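Beneath this line is the structure, given in structure tokens, with notes to follow.
Since this is a predicted model, take the numbers as computed values, not measurements. We use all heavy atoms of the structure for the numbers below, so side chains are in, but hydrogens, waters and symmetry mates are not.
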Amino acid sequence: TYDAIGRECALFLNRELLNIHRLGIGWSNTVLSLIPYLEVPEKSIDCVVNDLTGSFQGEQNPYSTSWQIANILKIPVQT
């Protein structure tokens, strides 16, 4: 199920995030399902999120999950 896959993806990210310097995030039900399982990092992370869903000039894409993930992880988004 999406929930089980989302939980495993979040566990992977929570474990490996210190080794990742650029995280590309697209949009899908699977990506959306990992958000509830992400943990706020205890210390700052040297990483950026790249939004791979595209954007509208000057506006945030309403289907983007990268902003939600970046907010939880306390890291910036590059579009």
Side-chain angles (χ1 to χ4, degrees):
T1 67
Y2 287 124
D3 189 59
I5 294 169
R7 185 174 46 250
E8 291 302 315
C9 289
L11 287 171
F12 173 80
L13 274 179
N14 291 332
R15 185 178 61 243
E16 297 296 324
L17 202 54
L18 292 175
N19 300 319
I20 299 171
H21 298 289
R22 187 171 302 274
L23 183 61
I25 302 288
W27 179 86
S28 70
N29 286 331
T30 306
V31 174
L32 187 62
S33 67
L34 73 87
I35 292 172
Y37 298 103
L38 283 176
E39 297 175 1
V40 176
E42 293 178 10
K43 56 184 177 178
S44 108
I45 300 167
D46 182 25
C47 182
V48 296
V49 169
N50 287 108
D51 188 2
L52 303 179
T53 59
S55 61
F56 304 103
Q57 179 115 14
E59 295 183 28
Q60 180 177 329
N61 185 328
Y63 301 106
S64 174
T65 55
S66 59
W67 296 92
Q68 296 174 62
I69 292 170
N71 285 336
I72 293 168
L73 299 177
K74 299 180 181 179
I75 56 179
V77 175
Q78 291 180 345
T79 54

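- In terms of hydrophobic clustering, with Ile, Leu, Val, Met, Phe, Trp and Tyr side chains grouped at heavy-atom distances under 4.5 Å, Leu73 and Phe12 are assigned to different clusters.
- Every residue two or more places apart in sequence or in another chain was checked for a side chain to side chain donor-acceptor pair (under 3.5 Å) with Asn71, and none qualifies.
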Ignoring hydrogens and angles, write down the donor-acceptor pairs under 3.5 Å from the side chains of residues 29-36, residues two or more places apart or on other chains.
| from | atom 1 | to | atom 2 | distance (Å) |
| --- | --- | --- | --- | --- |
| Ser33 | OG | Tyr2 | O | 2.9 |
| Ser33 | OG | Asn29 | O | 3.4 |
| Ser33 | OG | Thr30 | O | 2.6 |

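- Going from atom CG of Leu52 over to atom OG of Ser66 covers 8.0 Å, rounded to the nearest 0.5 Å.
- Note on Ile5 and Leu11: separate hydrophobic clusters, where clusters join Ile, Leu, Val, Met, Phe, Trp and Tyr whose side-chain heavy atoms are under 4.5 Å apart, directly or indirectly.
- Between Trp67 and Asp51 there is a side-chain heavy-atom pair separated by less than 4.5 Å.
- Residues meeting the side-chain contact (heavy atoms from CB on, under 4.5 Å) test with Ala70, sequence neighbours left out: Val49, Ile75, Val77.
- Counting only residues at least two apart or in different chains, salt bridge (charged side-chain N to carboxylate O under 4.0 Å, His left out) contacts with residues 4-30 comprise Asp3-Arg7.
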Extract all donor-acceptor atom pairs below 3.5 Å that involve side chains of residues 39-48 and protein atoms in other chains or at least two apart in sequence.
none

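- How far CG of Leu13 is from CD1 of Ile25: 6.5 Å, rounded to the nearest 0.5 Å.
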